[in-house]
Amino acid sequence: MSLTYVTAKEAAALVNHNDNVGFSGFTHAGCPKVVPVEIAKRAEEEHAKGNPFKIGMFTGASTGDSIDGSLARANAVKFRTPYQTNKDMRNAINAVQHEPVQYFDMHLSQVAQEIRYGFLGGVDVAIVEACEVTDSGEIVPTSGVGIMPTICRLAKIVIVELNDKVPAKMRGVHDLYELQDPPKRRQINIFEVQGRVGLEYVKVDPSKIYVVRTSKENEGSGFAPVDEITEKIGENVSNFFVSELKKGHIPPTFLPIQSGVGNIANAVLASMAQNKDIPRFEVYTEVIQDAVLDMMQKGHISFASGCSLTLSNEAMERFYRDLDFFKNKLVLRPSEISNNPGLVRRLGVIGINTAIEADIFGNVNSTHVMGNMMMNGIGGSGDFTRSAYISIFVTPSTAKDGKISAIVPKVAHEDHSEHSVKVIVSEYGVADLRGKGTYARAEEIIENCAHPSYRPLLHDYLSLTKKGHTPQNLYACFEFHKAFMETGDMINADFSKYKK
Ligand code: 0RQ
């Protein structure tokens with residue numbers, strides 16, 4: 001049977017108020033770009049007529065502005081999960097005293113299965129980007145996968161944005177496999193980073209497909225150039241790896257690396273490329289950023305498994321140009337496989353994620369500023385951190401021109417606990433927490449990671465309580481945050497009033 005072709009506006013008309021909509025992609029990569037903008041217009045038109053129009057959103061991770069930005073600005077979202085990075089969506093999530101968007105921040109590996117379990121409501125519509133769709137219903141994703149196999153299978157209708165900016169030669173880059181549900185889930189037959197278990201495409205009943213032709217560019221922005229601080233963090237991580245290799249903790253063939261999203265993660269990988277004592281390695285990660293591409297071309301990385309090519313537009317062009325070179329050096333998987341904790345533990349993945357703040361006992365906050373304002377979400381950091389061979393958190397020692405210390409007495413929100421966090425790295429050094437008791441961990445974090453101007457204050461805090469396994473002082477533990485809220489600078493924290 002032949003497929004049904006529609007315009008973006010006609011496709012948007014298939015989406016109704018209160019529908020739950022699943023989007024393909026992971027970060028901006030692989031996300032649809034034209035239909036969500038039309039849905040946002042439709043919401044605005046309905047609102048102008050006094051009618052309600054909001055949808056529920058399931059995504060792989062963050063999306064491009066066409067999805068999160070357009071829909072948030074149109075006040076068209078009733079709930080959203082998981083990770084997001086768009087400023088308009090963030091503002092809607094953090095809005096004062098009411099909740100225009102119910103946001104629930106899930107581990108990325110769990111989104112597809114919780115949709116399947118029915119915990120999040122059904123999927124009415126899947127909107128996905130593809131570089132190829134066949135009359136028999138085979139849909140080939142583009143640069144990001146996310147939850148695509150699950151939403152396509154479960155949705156009543158599937159809207160495919162067929163993007164001719166993406167070469168159909170992308171077919172073969174993906175390995176698309178959906179987990180079975182308990183109690184009959186089978187083992188995942190991936191025993192090495194390159195392992196493949198799935199199909200090159202998602203197959204659905206063609207009668208539920210509506211195709212929209214598009215020519216939209218990737219929505220990737222570039223990365224900030226490596227600065228002095230991110231360069232030093234990268235160097236510290238690389239030197240830590242070299243010392244772990246020398247101690248025999250990491251085998252000479254090295255172990256697969258996962259690194260989070262953003263400038264710091266990109267800079268850490270770039271620094272590993274410059275260290276000649278680090279051998280060629282593989283990447284088992286969620287986002288494949290620009291640095292990975294460069295390192296593949298220079299031979300530092302032999303293979304990359306991920307969920308998306310989160311590349312700047314320049315790097316994306318380079319990828320398409322050299323597709324034949326890259327095609328047998330990387331694979332893109334659904335997020336429940338790229339981030340699968342069982343595989344992370346099996347493969348011995350070393351996880352590198354970013355903290356907003358860490359406390360002196362090794363608990364990490366990756367999501368909330370000052371305890372209440374959502375930044376982006378936990379993303380895949382929890383999927384990897386709990387199960388990694390070594391879990392590393394990186395952070396500059398301070399934020400906002402030194403007025404915020406990233407090392408605090410107690411984190412204002414906790415995403416990763418002391419039980420999972422093994423190593424913390426700032427531009428000042430490495431705190432290796434493995435095998436150390438609470439007091440020794442605190443010393444290590446203060447002396448090796450905190451900014452020197454905050455070290456005396458952190459020691460002050462530590463000296464308030466002299467007994468107990470964890471010398472926490474519940475009266476004083478948020479004094480850094482209080483000082484920032486009251487004076488605009490954490491350096492004004494004063495523990496003298498708590499001293500007997
Ligand atoms: O603010 O944007 O106003 O300049 O946070 O910080 O230093 O540019 O670093 O872009 O890597 O983001 C943790 C948010 C870091 C991100 C976080 C402010 C800082 C700046 C951005 P501006 P940087 P990054 C991957 C796996 C989730 C966990 C993870 C993130 C802005 O990496 O979302 O790694 N991680 N998941 O000034 C107030 C603090 C602050 C602070 C930083 N203590 N207080 N503001 N900032 N620390 C994600 C996926 O799975 C897809």
Side-chain angles (χ1 to χ4, degrees), residues 3 5-8 11 22-38 59-67 126-149 151-152 158-176 198-204 209-222 286-290 292-293 296-297 304-335 338:
L3 298 169
Y5 285 79
V6 292
T7 64
F23 294 95
S24 69
F26 196 89
T27 70
H28 63 265
C31 286
K33 301 169 186 65
V34 293
V35 179
V37 173
E38 290 298 329
T59 65
S62 55
T63 68
D65 188 68
S66 305
I67 300 182
I127 308 180
V128 302
E129 189 184 68
C131 63
E132 186 188 351
V133 52
T134 68
D135 285 350
S136 63
E138 291 175 11
I139 308 170
V140 181
T142 61
S143 54
V145 182
I147 54 173
M148 182 161 163
I151 54 171
C152 285
V158 179
I159 298 169
V160 177
E161 287 193 7
L162 184 61
N163 192 333
D164 66 12
K165 279 275 183 303
V166 184
K169 273 206 300 186
M170 279 288 277
R171 189 181 180 117
V173 166
H174 311 91
D175 182 53
L176 305 170
L199 299 173
E200 296 173 350
Y201 50 83
V202 174
K203 178 104 169 49
V204 302
I209 296 180
Y210 294 83
V211 185
V212 177
R213 292 186 179 280
T214 82
S215 269
K216 276 275 177 193
E217 291 286 348
N218 194 31
E219 292 186 325
S221 52
E286 43 187 2
V287 286
I288 295 173
Q289 303 197 128
D290 286 21
V292 173
L293 231 56
M296 280 180 153
Q297 285 182 311
S305 162
C307 188
S308 70
L309 292 163
T310 303
L311 302 174
S312 62
N313 285 356
E314 175 279 311
M316 198 75 239
E317 283 308 316
R318 188 151 40 102
F319 176 82
Y320 292 148
R321 224 175 22 244
D322 297 338
L323 197 51
D324 292 333
F325 168 84
F326 287 115
K327 212 164 176 175
N328 56 4
K329 290 188 175 52
L330 65 82
V331 59
L332 296 181
R333 311 179 190 278
S335 40
S338 64

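All values below were derived from every heavy atom in this structure, side-chain atoms included, with hydrogens, water molecules and symmetry-related copies excluded.
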Next item on the list: To the nearest 0.5 angstrom, please state how far the CG atom of Leu293 sits from the CG atom of Leu309.
Entry: 7.5 Å
Next item on the list: Could you grab the distance from atom CD of Glu132 to atom CE of Met170, nearest 0.5 Å is fine?
Entry: 12.0 Å
Next item on the list: Might you point out which heavy atoms bring Cys31 and Ser62 nearest each other, and give the distance in Å?
Entry: SG-O, 4.5 Å
Checklist line | Any residue meeting salt bridge (Lys or Arg N to Asp or Glu O under 4.0 Å) with Glu161, in chain and number order, not counting sequence neighbours | finding: none
Next item on the list: List in chain and number order the residues that pass side-chain hydrogen bond (donor to acceptor under 3.5 Å, both in side chains) with Ser305, two or more places apart in sequence or in another chain; answer none if no residue qualifies.
Entry: Arg333
Next item on the list: Work out which heavy atom in Asp164 is nearest to a heavy atom in Ser215; give both atom names and the distance.
Entry: OD1-OG, 2.6 Å
Check: Under the salt bridge (Lys or Arg N to Asp or Glu O under 4.0 Å) test, which residues partner Lys329, sequence neighbours left out?
Finding: none
Margin query: Once rounded to the nearest 0.5 Å, what's the spacing between atom CG of Leu176 and atom CG of Leu332?
Written below: 8.5 Å
Item checked: Nearest non-hydrogen partners of Met296 and Phe325, listed with the distance -> O-CZ, 3.7 Å
Check: So do the side chains of Phe319 and Leu330 get within less than 4.5 Å of each other, counting heavy atoms only?
Finding: yes
Item checked: Derivation of the side chain to side chain contact (heavy atoms under 4.5 Å, CB included) call for His174 and Glu200 -> CA-CA 5 Å; His174 311 91; Glu200 296 173 350; 5.8 Å; no
Item checked: By side-chain hydrogen bond (donor to acceptor under 3.5 Å, both in side chains) - contacts of Glu217 (at least two apart) -> none
Check: Heavy atoms, side chains only, cut-off 4.5 Å: are Ile147 and Thr59 in contact?
Finding: no
Next item on the list: Drop me the distance from Glu286's CD to Thr310's OG1, to the nearest 0.5 angstrom.
Entry: 8.5 Å
Margin query: For a side chain to side chain contact (heavy atoms under 4.5 Å, CB included) check, start with the C-alpha distance between Lys33 and Thr214, then their side-chain angles and the critical distance, and finish with the verdict.
Written below: CA-CA 9 Å; Lys33 301 169 186 65; Thr214 82; over 6 Å; no
Check: Would you say Pro167 and Leu323 make side-chain contact, with heavy atoms under 4.5 Å?
Finding: yes
Item checked: Contacts of type salt bridge (Lys or Arg N to Asp or Glu O under 4.0 Å), residue Glu219, not counting sequence neighbours -> none
Notebook entry, point to check: What pairs with Ser143 under side-chain hydrogen bond (donor to acceptor under 3.5 Å, both in side chains), at least two apart in sequence or on another chain?
Noted result: none
Note to self: Please determine whether side chain to side chain contact (heavy atoms under 4.5 Å, CB included) holds for the pair Val128 and Val202, giving the CA-CA distance in whole Å, both sets of side-chain angles, and the decisive distance to 0.1 Å.
What the structure shows: CA-CA 11 Å; Val128 302; Val202 174; over 6 Å; no
Margin query: Tell me the closest heavy-atom pair linking Ser66 and Pro36, and the distance in Å.
Written below: O-CB, 3.4 Å
Item checked: Distance in Å, Ser312 OG paired with Glu317 CD, rounded so as to fall on 0.5 Å steps -> 10.0 Å
Check: Within the side chain of Ser24, is there an N or O that forms a donor-acceptor pair under 3.5 Å with the backbone of Gly30?
Finding: yes
Check: Between the side chain of Lys169 and the main-chain N/O of Lys327, is any donor-acceptor distance below 3.5 Å?
Finding: no
Notebook entry, point to check: Taking C-beta and beyond as the side chain, do Tyr320 and Val166 meet within less than 4.5 Å on heavy atoms?
Noted result: yes
Check: Looking only at heavy atoms, what is the nearest atom pair of Ala130 and Ile139, with distance?
Finding: CB-CG2, 3.6 Å
Note to self: Check Arg318 with Glu314, please: is the shortest side-chain N to carboxylate O separation under 4.0 Å?
What the structure shows: yes
Note to self: As an exercise, state the distance from NZ of Lys165 to CG of Asn313, rounded to the nearest 0.5 Å.
What the structure shows: 11.0 Å
Notebook entry, point to check: Closest heavy-atom contact between Ser338 and Gly306?
Noted result: CB-C, 4.0 Å
Next item on the list: Assess whether side chain to side chain contact (heavy atoms under 4.5 Å, CB included) is satisfied between Phe26 and Val287, documenting all intermediate values.
Entry: CA-CA 8 Å; Phe26 196 89; Val287 286; 3.8 Å; yes
